[in-house]
Amino acid sequence: MLRPIPMVKIRAIVYEDYINNVLCELGKLKSVHFVDLRNKLDRFKGYVKPVEAGEIIFRYSNLISRVSKIMDSMGISGLRKAGERLTVNIGRLLDEAEKEIEEIEKSYRALNEEVSTIEKTLSAPELYEERREELEKRLKEKRLELEKFSESVASRLITLRTSLEFGLKLENTKLLFGRTFKTFVFEAWVPEDRSADVVRVLKEASKGLVIFETLKAEREHVEGHESPPVLYRFPSFLEPFEKLVESFSIQSYYEINPAPIMAITFPILFGVMFADVGQAAILAVSGLIFSILRRRLKRRGAEPSGLTGMVLSAGELLFLCGLSGIFWGLLFGEVFGSHEILGMHIHPLELATVGKEIRIGGFIPSEDIIAMFHLALFIGSIHLMLGLTLNLVNKLLMKEYKEAVSVVLWMWFYSGAAYAVFNFGSHVAFDFGFWLLNPHLLIVPLILMIIVEGLLRKIEGLSHSFMALIESMSHTVSYGRLLALTLIHASMSKMFLNVIPGLGGIISGTLLALILEGIIIFVHTLRLHWVEWFSKFYSGGEVKYTPFEIIVDVSLVDAR
Amino acid sequence: MLSPGLLGIISIVLSAGVSAIGAIFAIISVGTAMAGAGTERPEILSRAMLAVVLAEALAIYGLLAAFMLVGALPKITTEESAFKALGAGMVIATSSLAAGLGIAYCGSAMTGALVEKPETFSGNVISVVLAEAIGIYGLLIAFMLIGQI
């Protein structure tokens, strides 16, 4: 879950007569991700040339646009669906399709012209009544004929269009390959567990006229080449979190994927800011309804897109965020913006006290701002430490031990400073005597970091350690927004209760909280993850695994 | 010397009003950029929306400070407390204005860049959120000042 599916690279040379069949069979297997070889042909030392886009692609696109034009005017739409069988003679597809389309176009145009001639005559004002009747009858007949004609060719047109688009897809894919006099050369990434299938299909589809090698994706190996595309297989409730990570940047193959960890930290941070038992319960219930609704729709094969789709697909995320909001609402004693419900006073529950000043729960944030500020920074420093730990794990996984040393020193320095401030009270932060008396907390790791970074990376390393110092401070303070947004959330609801006492105030305050506050808090949680947290360990910027797919069950005639 | 109550009112107006100006400046700039970018590539809008929501939050920071100042208004009777209130109002006003300016420029440029190269988002979003962080710094100081009234 944390690591991507292992990939292997298959490099193959296929005899040109069988390339279409190989592509067709691989497309049906849906598990190869082709590498774009166009700029990478130097690895074949000049023996392989790029595939040139020939006239054939223009003929395909021309025919496709002609077919879709007729289909549009007939009011037909769609392609052959997944799993439907289709037989294509790829060698003669273009010539035959051209002839057929021409015929259909001709008959359709002729029928249309007849109809429009009759319509024109009918629109003339000086017409005998009898003639008009006769013309109207003929118009009806012709229109019926036109309709019948459309019906009779509809299925054929859809088949034609599907086969043409299939042909175009093959040609476009071949552009990614390399070419020698009689062969095509391609490279593809394949999930390790599917590689046996791919090799079998390669051999069968090319009748043995293929040479291939399988390369493992090792970091040293692909250095200077390309890293493998990433693919994760998740339980479905993690999907919204995966989407959030992906929209920042696609993960790197060698790093830990933060999405499963984010499924824990994201709701926690959201819940602190959305701390209200009542409103969060509504959020959780609606999240549950959304996710059930989405599963139902998915089973029926009608997944909505656009904004509705976006909201529905966040169902699990909203549910988790709502649960966390209820939890923090109990700790802060808040129900629908007040501390009373049905005449009962709600006491904030105290979960724990950490060090001297940090109280987790047990106070009302709007009345004890300083306690909330401490809690916000405490949560922030734990979150940042988690980020630094992930960075260490990444560096160890990549076997970059020198980098790992500087990360360890940063963690030492950061956790030391945080421990001192939280354990002995915030007054020590500017007390230089204290830091001198306890050098192991801040001064020793800082000096070590400067020395190690300076030795490893010279001036750049020095500025890097200075950056680490500044970043640790500014990023921790940035978690102060947990305080700000908690207060905003609490006081917004309270404001409505002050203006409109009773149920009306609760309803309007809740509506505002769920819609406006919900969005703002969501964005702030996202930003804390994307900027403060990701910048500690996440590099990303890689390619997503997009397999070459042919969904229709095509079988090639004369598969030579 | 103005009366302490009047200074309190002025600080409320500053914090709610000027931060609204900062927010709307950013929303105007990023919103128009989004409208243009969306015609070319609608799928980036959900990401560009981040800048607009962060800008909107600036107005809410001002509103929160104003709300707390209204609550503290009966306590603003001495010259010292009046100046603290005025300081709180001014710090949230100026920092929201500054943050709004930053989001306006960086957010609209980021939206434009997303149309051509969506993969630049992770780098460009940094400048937007750093600009927005300025607003939070101001708000934290305002909290501390109001807490002392």
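Below, all heavy atoms of this structure are taken into account, side chains as well, without hydrogens, waters or symmetry copies. What you are looking at is a predicted structure, and each value in this text was computed from that prediction instead of being measured. Below, read A as the first sequence line, B as the second, and so on, with proteins coming before strands; counting in each chain starts at 1.
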Undergrad: Walk me through whether A:L487 and B:F143 qualify under side-chain contact (heavy atoms from CB on, under 4.5 Å).
TA: CA-CA 10 Å; A:L487 288 191; B:F143 277 159; 3.5 Å; yes
Undergrad: Out of curiosity, A:S474 OG to B:Y137 OH, how far, rounded to the nearest 0.5 Å?
TA: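 One finds 5.0 Å between OG of A:S474 and OH of B:Y137.
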Undergrad: Return all side-chain donor-acceptor pairs below 3.5 angstrom for residues 97-105 of chain B, not counting sequence neighbours, or 'none' if the list is empty.
TA:
none

Undergrad: Under a 4.5 Å cutoff for heavy-atom pairs, which residue among A:E532, A:R527, A:M492 has the most contacts with chain B?
TA: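 Max contact count across the listed options: A:R527.
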Undergrad: What's the shortest heavy-atom distance between B:F67 and A:S491, and which atoms?
TA: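 The pair with the smallest heavy-atom distance is CE2-CB, 3.3 Å.
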Undergrad: Quick one: CD1 on B:I60 to CG on A:L485, what's the gap to the nearest 0.5 Å?
TA: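 Nearest 0.5 Å value for the CD1-CG distance: 8.5 Å.
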Undergrad: Under 6.0 Å from the CD atom of B:E116, do we count more than 12 heavy atoms belonging to anything else shown?
TA: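 At most 12 heavy atoms, drawn from other residues, nucleotides or ligands, come within 6.0 Å of this atom.
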Undergrad: Which residue out of B:L130, B:L63, B:V129, B:L54 racks up the most heavy-atom pairs below 4.5 Å with chain A?
TA: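 That would be B:V129.
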Undergrad: Work out which heavy atom in A:A484 is nearest to a heavy atom in B:I136; give both atom names and the distance.
TA: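 Answer, listing the atom of A:A484 first, then B:I136: CB-CD1, 4.1 Å.
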Undergrad: Less than 4.5 Å to any heavy atom of chain B: does that hold for the side chain of A:I250, its backbone, both, or neither?
TA: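 No part of A:I250 comes within 4.5 Å of chain B.
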Undergrad: Taking atom NE2 of A:H524 and atom CD of B:E132, what is their separation to the nearest 0.5 Å?
TA: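 Reported to 0.5 Å precision, the distance equals 4.5 Å.
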Undergrad: Just how far is it from atom CZ of A:F248 to atom CD of B:E119, taken to the nearest 0.5 Å?
TA: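 Atom-to-atom, A:F248:CZ and B:E119:CD are 13.5 Å apart.
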Undergrad: Determine which residues belonging to residues 367-380 of chain A lie within contact range of chain B, meaning some heavy atom pair is under 4.5 Å apart, and list them by number or answer 'none'.
TA: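 Interface residues of residues 367-380 of chain A: A:I369, A:F373.
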Undergrad: With a 4.5 angstrom heavy-atom cut-off, which part of B:M49 approaches chain A: side chain, backbone, both or neither?
TA: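 Neither part; nothing is under 4.5 Å.
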Undergrad: Could you tell me if the side chain of B:V53 sits less than 4.5 Å from the side chain of A:F522, heavy atoms only?
TA: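 No, side chains not in contact.
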Undergrad: Report the distance from atom CH2 of A:W530 to atom CD1 of B:I126, rounding to the nearest 0.5 Å.
TA: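 Answer for the CH2-CD1 pair, A:W530 versus B:I126, is 11.0 Å.
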Undergrad: Let me know if B:L140 has heavy atoms under 4.5 Å from chain A in its side chain, its backbone, both or neither.
TA: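 The side chain, not the backbone.
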Undergrad: What part of A:S249 lies closer than 4.5 angstrom to a heavy atom of chain B: side chain, backbone, both or neither?
TA: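 Side chain only.
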